[in-house]
2 protein chains.
Amino acid sequence: MAKPGRGPSMHDVAARAGVSHQTVSRVLNEFPGIRPETRQRVLLAIDELGYRRNVAARSLATGRSQTIGVIIPNTTDFGPVSSFYAVEAAVREAGLQALVTATSDEPRAVEESLDFLMARSIEALVLMAPTRMVVDVVDALKPPVPIAYLLTGDERAPWSVSVHQQQGVDLMVDHLVGLGHTRIQHIRGPESSIEAELRAEEFGQQIRARRLVELPILTGDWTAQSGFDACEQVDPAATAIFCGNDQMAIGLIHAAVNKGMRVPEDVTVVGFDDIPEAVHTLPPLTTVRQDFGAVARLAVKALVAALEGEEMPDTSPLPAQLVVRESTAPASATARR
Amino acid sequence: MAKPGRGPSMHDVAARAGVSHQTVSRVLNEFPGIRPETRQRVLLAIDELGYRRNVAARSLATGRSQTIGVIIPNTTDFGPVSSFYAVEAAVREAGLQALVTATSDEPRAVEESLDFLMARSIEALVLMAPTRMVVDVVDALKPPVPIAYLLTGDERAPWSVSVHQQQGVDLMVDHLVGLGHTRIQHIRGPESSIEAELRAEEFGQQIRARRLVELPILTGDWTAQSGFDACEQVDPAATAIFCGNDQMAIGLIHAAVNKGMRVPEDVTVVGFDDIPEAVHTLPPLTTVRQDFGAVARLAVKALVAALEGEEMPDTSPLPAQLVVRESTAPASATARR
DNA sequence: CCGCGCGATGTTACCGTGAACATCTTCCGA
DNA sequence: TCGGAAGATGTTCACGGTAACATCGCGCGG
């Protein structure tokens with residue numbers, strides 16, 4: 001029987017079922033060519049003993065860790081976190097396990113994370129890389145496994161899976177222009193952020209293509225505080241402010257109201273992401289929804305396909321969705337300061 | 001040399017350093033009694049070959065998985081998520097790895113999570129259990145490992161690590177009473193939630209102990225939407241509303257403002273948790289801060305101590321902290337509807 | 001001068017599984 | 001009736017470490 005401190009092994013099951021351990025292995029791995037009766041005996045023995053396959057031994061014997069590594073920025077933002085949950089669920093459903101490390105924005109921390117994961121011989125990596133730096137550090141270390149770049153939104157990166165950032169920006173600009181706004185100012189996310197860059201670039205192109213007034217693009221760091229602070233530099237003539245994410249919009253609205261302005265009567269403010277709180281901000285926020293769960297599942301699907309040698313799914317950017325709430329009003333209604 | 005597809009093994013290192021594989025093992029495990037010169041040769045060989053210890057083999061040989069399981073509710077709430085990051089960091093720092101499963105509120109999902117973790121022979125479990133149900137399901141399955149109950153706040157549970165809920169409530173009630181409020185209404189979290197229960201109980205006791213007006217306790221589900229909805233049932237005579245968390249406070253404020261009330265001029269509203277957005281809600285929210293990182297680190301410390309057979313750290317509840325912002329005003333200033 | 005003990009290192013036997021190969025049975029056609 | 005192929009199962013070994021025990025050499029005390 002089993003040794004003390006360890007559970008029953010295949011041999012215990014085999015002994016009980018009156019077969020060899022290899023037959024047990026075959027039953028577990030669903031090999032063809034097992035007599036139904038034998039299979040039943042084995043399954044019964046497994047059940048009676050409460051046997052569980054030893055993952056470590058299996059992984060040692062096969063040389064496969066059955067593990068997908070995940071690197072996630074240690075922010076509590078809605079986007080990465082919901083994507084992570086979806087990744088974890090998808091990985092588990094695929095019969096693998098997800099090993100996660102949360103990492104700060106320092107190169108050293110990223111290296112440590114990757115090192116940690118490689119030491120556990122992960123078979124693939126989901127890289128939630130908000131910044132170019134993270135992508136660069138990881139690429140420099142050339143991990144010998146397939147990598148899905150999640151939420152980077154950068155199509156130049158191989159295996160990138162994300163929501164179509166440009167399309168999201170287009171939807172929002174359409175909406176604002178449709179309301180008659182011509183003086184739209186953008187508060188982008190930090191310089192280091194790939195998504196911030198993409199959104200800002202697309203915004204600029206849209207403004208120029210539509211021959212709207214070009215106002216300087218302000219820079220925040222995704223936090224509500226930075227939106228609050230950015231208010232100081234907002235052009236007084238701007239009738240609409242397009243924030244790079246919802247948190248900054250929240251901070252901006254706070255600052256604007258502090259200054260005695262009303263949203264949206266005096267100024268229209270919009271965000272990006274559609275975090276849960278966006279429904280109940282004052283006023284409720286018009287924003288662009290990204291399906292963080294869907295991109296995550298797609299990334300895992302792609303990686304699993306790569307591991308199994310199956311055909312790759314289509315990883316082109318997923319559609320974004322405009323969510324109109326109450327923080328936007330027609331430009332005509334806007335009283336200038 | 002190493003087989004194709006696998007990295008170098010201890011034998012490769014041993015061969016290169018001109019020692020036995022066991023000496024390599026001893027160097028790696030920092031055994032005493034290795035000649036400094038030998039140790040150097042081994043370290044050099046490890047470095048040259050880029051050798052990494054095979055975690056699976058090690059775990060098979062020792063019978064220890066070096067893994068701590070984590071069960072987290074799949075909500076993107078600030079509390080659990082920040083605690084999780086802290087857990088992950090602490091576990092990694094302790095030389096172990098954290099294996100996480102996000103689980104929904106259904107018993108079946110909890111069972112599956114636990115099963116998944118046990119199959120990977122975790123050595124300990126961090127259980128972020130918001131509901132009594134999760135605790136019950138896990139306890140019923142009697143996992144044979146030490147369990148830290150994180151954020152349940154229930155001192156009746158063994159190994160519970162959390163912020164002192166009652167103290168947090170007391171701080172807030174003190175604050176409100178200090179402002180002259182006597183008609184305070186509480187919107188608690190869901191029936192199933194342990195923390196909601198603790199906060200509501202303590203609130204009730206405080207109200208009775210101070211002989212304040214007893215208003216019915218309303219029930220939400222932690223979401224902003226439920227706070228919004230609860231506004232309908234708020235007693236018109238209440239001058240202060242104590243929400244069980246910040247999200248519900250956000251929803252409540254939204255509804256109150258929709259009804260034409262001003263916060264805090266017409267009604268005082270407070271929350272609990274101090275989520276990042278609380279600084280920039282309109283008005284900025286008075287709330288109770290919990291140090292989610294600290295509890296997480298403490299939980300891991302306790303588990304590691306249990307695994308190493310060391311002395312247990314003190315796991316009594318951590319202090320909560322009152323954060324006064326602008327959503328509270330003296331009761332005298334409150335105009336009745 | 002010899003043997004003992006101890007420090008430093010080597011040898012061997014596992015840990016629990018899967019892969020490759022061996023063996024045994026059975027069934028079918030010549 | 002017998003040979004052979006195919007199906008079902010058993011045996012052996014390898015995976016890469018750790019643990020227990022064995023060995024070797026050296027210094028020191030009797």
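Predicted model, so just to flag it, every value in this text is computed and none were measured. Just so we're on the same page: letters track the sequence lines, and every chain starts at 1. Atoms considered below: every heavy atom in the structure, side chains included; atoms not considered: hydrogens, waters and symmetry mates.
- Between the C1' atom of C/dT11 and the NE2 atom of B/His11 lies a distance of 11 Å, rounded to the nearest Å.
- Of the side-chain N and O atoms in A/Arg35, none sit less than 4.0 angstrom from OP1 or OP2 of D/dA8.
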Are there any protein N/O atoms within less than 3.5 Å of an N/O atom in nucleotides 20-28 of chain C, and if so, which ones and at what distance?
unit_1 : atom_1 : unit_2  : atom_2 : d
C/dA20 : N6     : A/Gln22 : NE2    : 3.1

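- Within 4.0 Å (heavy atoms only), B/Val19 reaches sugar-phosphate atoms of the nucleic acid but no base atom.
- Between C/dT11, C/dG18, C/dA8, one nucleotide has an atom nearer to the side chain of B/Ser20 than all others, and that is C/dT11.
- Checking the phosphate oxygens (OP1, OP2) of D/dC15, no side-chain nitrogen or oxygen of A/Ser59 falls inside 4.0 Å.
- In the interface, the side chain of A/His21 is not paired with the base of D/dT11 through any donor and acceptor atom under 3.5 Å apart.
- Residue contacts shown for B/Arg52 are limited to sugar-phosphate atoms, with no base heavy atom under 4.0 Å away.
- For the side-chain contact (heavy atoms from CB on, under 4.5 Å) criterion with A/Thr67, the lone passing option out of A/Leu99, A/Val91, A/Leu96 is A/Leu99.
- Residue B/Ala299 comes nearest to B/Leu150 through the heavy atom pair CB-CD1, 3.9 Å, listed as atom of the first residue, atom of the second, then distance.
- The only member of B/Val134, B/Val161, B/Val126, B/Asp139 that meets side-chain contact (heavy atoms from CB on, under 4.5 Å) when paired with B/Tyr149 is B/Asp139.
- Distances were taken from every side-chain heavy atom of A/Leu60 (C-beta onward) to each of C/dT9, D/dT9, D/dG16; the shortest belongs to D/dG16.
- OP1 and OP2 of D/dG17 both lie 4.0 Å or more from every side-chain N or O belonging to B/Thr62.
- Residue A/Glu308 qualifies as enclosed at atom CD: its count of foreign heavy atoms under 6.0 Å is above 12.
- Residue A/Asn54 has no polar side-chain atom (N or O) positioned under 4.0 Å from OP1 or OP2 of C/dC15.
- Residue B/Met10 contributes atom CE, which lies 15 Å from atom C1' of C/dT11 at whole-angstrom precision.
- With rounding to whole Å, B/Leu28 atom CG is found 12 Å from D/dG16 atom C1'.
- The distance from atom CG of A/Asp12 to atom P of C/dT17 is 9 Å, rounded to the nearest whole Å.
- Contact check, B/Ser25 against D/dG17: no side-chain N or O comes under 4.0 Å of OP1 or OP2.
- What separates CG of A/Leu49 from C1' of C/dG16 is a distance of 15 Å, to the nearest Å.
- When rounded to the nearest whole Å, the span between CD1 of B/Ile46 and C1' of D/dG16 equals 14 Å.
- Geometrically, A/Arg53 does not engage A/Tyr51 in a cation-pi contact, judged by NZ or CZ lying under 6.0 Å from the ring centre and within 45° of the ring axis.
- Going from atom CD of A/Gln66 over to atom C1' of C/dG18 covers 12 Å, rounded to whole Å.
- Other residues, nucleotides and ligands place more than 12 heavy atoms under 6.0 Å from the CD atom of B/Glu310.
- Few gaps surround CD on B/Glu48; more than 12 heavy atoms of other groups in view lie less than 6.0 Å from it.
- For the pair B/Glu30 CD and D/dT18 P, the computed distance is 12 Å after rounding to whole Å.
- In terms of phosphate contacts, A/Thr23 brings a side-chain nitrogen or oxygen within less than 4.0 Å of OP1 or OP2 of D/dG10.
- Side-chain N/O atoms of A/Thr38 include one lying less than 4.0 angstrom from OP1 or OP2 on D/dT9.
- Residue A/Arg53 places none of its side-chain N or O atoms closer than 4.0 Å to OP1 or OP2 of C/dT17.
- For the ring pair (Phe, Tyr, Trp, His ring centres under 6.0 Å) test, no residue two or more places apart in sequence or in another chain qualifies with B/Tyr85.
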